[in-house]
Amino acid sequence: MSDMVGMAVSYEDRQRDPAPLQGRPIRVLYLFPGEAEGSAMIFAKKQVEAMREVGVVAETFCLASRTDLRSLRRESARLRGLMDSFRPDLVHAQYGTMTAFFASLIATVPLVITFRGSDLNPAPSDPWIRSALRRWLSQYAARKAARIICVSEGLARRLWWAGDRAVVLPSGVDTNLFVPRSRSDARQELGWPEQDRVVLFNAGLSPAVKRLDLAQAAVNEAVKECGPIRFVTLDGRVPHSTVATMLNGVDCLLLTSDWEGSPTIVQEALACNLPVVSVDVGDVRERLAGVVPSRIVERKPQALGKGLADMLARPVRSNGRAWTALVAQDHIVRKTVDLYREVLGPKRVAC
């Protein structure tokens with residue numbers, strides 16, 4: 001495992017643009033869980049758009065059903081048909097569990113897998129059998145992958161094998177969309193009173209894993225110290241542009257998750273210079289190193305509430321954007337193209 005982490009760090013530290021090579025552009029088929037429309041996995045879908053901008057020829061396949069065997073048989077035929085017509089150089093599964101497992105059974109070209117958190121981490125909100133099966137599917141797929149991307153080092157350490165093929169790259173944040181704006185302008189757009197103290201919490205599609213209960217308890221503790229607080233939650237279906245406005249309109253982001261990979265909402269908050277109060281989870285400690293004001297506290301309502309109250313007593317913006325270079329989407333795209341090149345070898349590519 002130490003070899004894997006060392007490799008991940010050296011890969012992250014390389015600060016070069018990909019040099020053009022001879023040959024045709026890379027053709028990559030991206031697999032996503034869920035429906036093609038909607039905001040689910042929007043950060044990964046945005047990354048595919050960015051890959052197209054640098055010359056990657058990209059096609060997408062969304063695996064709508066991951067539990068119904070009859071549907072999976074139909075999806076298998078559909079994926080094989082797309083493989084035959086698109087003729088990719090690589091298949092890139094953007095999530096583990098059934099998505100990566102499905103890709104590992106069907107792909108006839110090198111497979112890259114990105115693990116993002118709940119595909120390798122335990123999921124306390126799921127029945128233990130389902131949680132264990134999800135992780136087993138991810139680990140099986142990892143054995144078949146030519147290369148693996150983990151969005152944090154903590155997540156990479158959960159791999160049972162294939163450490164020599166793993167690199168650590170966060171998901172990346174669109175620093176053109178998530179930019180600092182006037183809090184007053186953002187609040188006017190959202191219809192929020194200027195004088196309110198506002199805390200944002202990303203409940204996502206799994207509020208139990210994100211620990212909405214702990215977040216609410218923390219806000220209740222903060223209210224005792226600083227008075228009324230508007231507690232705003234995201235449910236995973238808010239449009240990306242609205243999220244950017246909200247991050248500029250609130251006073252603080254609160255994170256209380258039991259498990260994370262590399263929470264994109266933290267990267268987005270930093271890009272908007274929004275202070276963060278968080279438990280020590282995923283790569284948050286690494287992301288917040290040097291960011292002021294922000295705070296990592298114990299996983300207790302009283303400690304979280306005190307952190308919030310202190311932050312809200314004198315609401316100011318952070319210096320977070322100055323620390324986003326290594327998680328900016330254009331940087332992650334360049335590193336991902338490098339990885340594709342390494343998988344395919346010197347005979348490719350032109351992008």
Strictly distance-based, threshold 3.5 Å: is any side-chain N or O of [X] a donor or acceptor partner for the main-chain N or O of [Y]?
X      : Y      : result
Thr324 : Arg321 : yes
Asp283 : Gly154 : no
Arg87  : Met83  : no
Ser152 : Gly261 : yes
Arg134 : Leu120 : no
Arg27  : Pro88  : no
Glu59  : Leu29  : no

Please check if [X] and [Y] belong to a single hydrophobic cluster, counting links between Ile, Leu, Val, Met, Phe, Trp and Tyr side chain heavy atoms closer than 4.5 Å.
X      : Y      : answer
Trp161 : Leu137 : yes
Trp259 : Val284 : no
Trp160 : Ile113 : yes

Return a table of donor-acceptor pairs under 3.5 angstrom between the side chains of residues 215-226 and protein atoms on other chains or two or more places apart.
| residue | atom | partner | partner atom | Å |
| --- | --- | --- | --- | --- |
| Asn220 | ND2 | Gln216 | O | 3.3 |
| Glu221 | OE2 | Lys224 | NZ | 3.2 |

For Lys306, salt bridge (charged side-chain N to carboxylate O under 4.0 Å, His left out) partners two or more places apart: Asp310
Leu214 vs Lys300, side-chain contact (heavy atoms from CB on, under 4.5 Å): CA-CA, chis, key distance, verdict: CA-CA 8 Å; Leu214 179 56; Lys300 296 179 180 179; over 6 Å; no
Taking every non-hydrogen atom, the tightest pair across [X] and [Y]:
X      : Y      : answer
Ser278 : Leu304 : C-CD2, 4.5 Å
Thr114 : Asp119 : O-OD2, 4.0 Å
Leu159 : Ala142 : CD2-CB, 4.1 Å
Ser262 : Val151 : CB-O, 3.1 Å
Ser257 : Arg299 : O-NH1, 2.5 Å
Val167 : Arg147 : CG1-NH2, 3.4 Å

To the closest 0.5 Å, what do you measure between [atom1] ([X]) and [atom2] ([Y])?
X      : Y      : atom1 : atom2 : answer
Arg230 : Leu200 : CZ    : CG    : 12.0 Å
Leu69  : Arg73  : CG    : CZ    : 6.5 Å
Glu260 : Asp280 : CD    : CG    : 12.0 Å
Leu339 : Leu90  : CG    : CG    : 8.5 Å
Phe32  : Phe61  : CZ    : CZ    : 12.5 Å
Leu212 : Leu254 : CG    : CG    : 10.0 Å

Any [X] side-chain heavy atom under 4.5 Å of [Y] side chain:
X      : Y      : result
Leu308 : Cys252 : yes
Arg135 : Arg158 : no
Val28  : Met51  : no
Leu79  : Leu31  : yes
Arg317 : Leu274 : yes
Thr336 : Val56  : no
Leu255 : Val277 : no
Thr256 : Lys210 : no

Would you call Asp235-Arg237 a salt bridge at under 4.0 Å N-O? yes
SB check Asp89 Arg24 (cutoff 4.0 Å): yes
How would you list, by chain and number, every residue that makes a side-chain hydrogen bond (donor to acceptor under 3.5 Å, both in side chains) with [X], sequence neighbours excluded?
X      : value
Glu75  : Arg78
Tyr30  : Tyr340
Arg130 : none

N/O donor-acceptor pairs under 3.5 Å from side chains in residues 170-180, not counting sequence neighbours:
| residue | atom | partner | partner atom | Å |
| --- | --- | --- | --- | --- |
| Ser171 | OG | Arg116 | NH1 | 2.7 |
| Asp174 | OD1 | Asn176 | N | 3.0 |
| Asp174 | OD1 | Leu177 | N | 3.3 |

State which residues pass ring-ring contact (aromatic ring centres under 6.0 Å, His included) with Trp136; sequence neighbours excluded, sorted by chain then number. Tyr140
Which pairs with one or both residues in residues 271-302 pass ring pair (Phe, Tyr, Trp, His ring centres under 6.0 Å), sequence neighbours excluded? none
Among all residues two or more places apart in sequence or in another chain, which pass the side-chain contact (heavy atoms from CB on, under 4.5 Å) test with Trp323? Val291, Asn319
What residues, two or more places apart in sequence or in another chain, satisfy side-chain contact (heavy atoms from CB on, under 4.5 Å) together with Ile129? none
Donor-acceptor pairs under 3.5 angstrom involving side-chain atoms of residues 182-193: please list them, not counting sequence neighbours.
| residue | atom | partner | partner atom | Å |
| --- | --- | --- | --- | --- |
| Ser182 | OG | Ser184 | N | 3.3 |
| Ser182 | OG | Asp185 | N | 3.2 |
| Arg183 | NH1 | Asp251 | OD1 | 2.4 |
| Arg183 | NH2 | Glu194 | OE2 | 3.1 |
| Ser184 | OG | Glu194 | OE1 | 3.1 |
| Ser184 | OG | Glu194 | OE2 | 3.2 |
| Arg187 | NE | Gly249 | O | 2.6 |
| Arg187 | NH1 | Pro193 | O | 3.2 |
| Arg187 | NH1 | Glu194 | O | 2.9 |
| Arg187 | NH1 | Asp196 | O | 2.7 |
| Arg187 | NH2 | Asp196 | O | 3.1 |
| Arg187 | NH2 | Gly249 | O | 3.3 |
| Arg187 | NH2 | Asp251 | OD1 | 3.4 |
| Arg187 | NH2 | Asp251 | OD2 | 3.0 |
| Glu189 | OE1 | Arg181 | NH1 | 3.4 |
| Glu189 | OE1 | Arg181 | NH2 | 3.1 |

Pair [X]-[Y], side-chain donor/acceptor within less than 3.5 Å:
X      : Y      : result
Ser138 : Tyr95  : no
Gln267 : Thr264 : no
Ser76  : Arg80  : yes

For Arg52, I'd like to know if atom CZ has over 12 heavy atoms of other residues, nucleotides or ligands within 6.0 Å. yes
For a quick test of your reading: what N or O donor-acceptor pairs under 3.5 Å do the side chains of residues 99-107 make, sequence neighbours left out?
| residue | atom | partner | partner atom | Å |
| --- | --- | --- | --- | --- |
| Ser104 | OG | Phe101 | O | 2.6 |

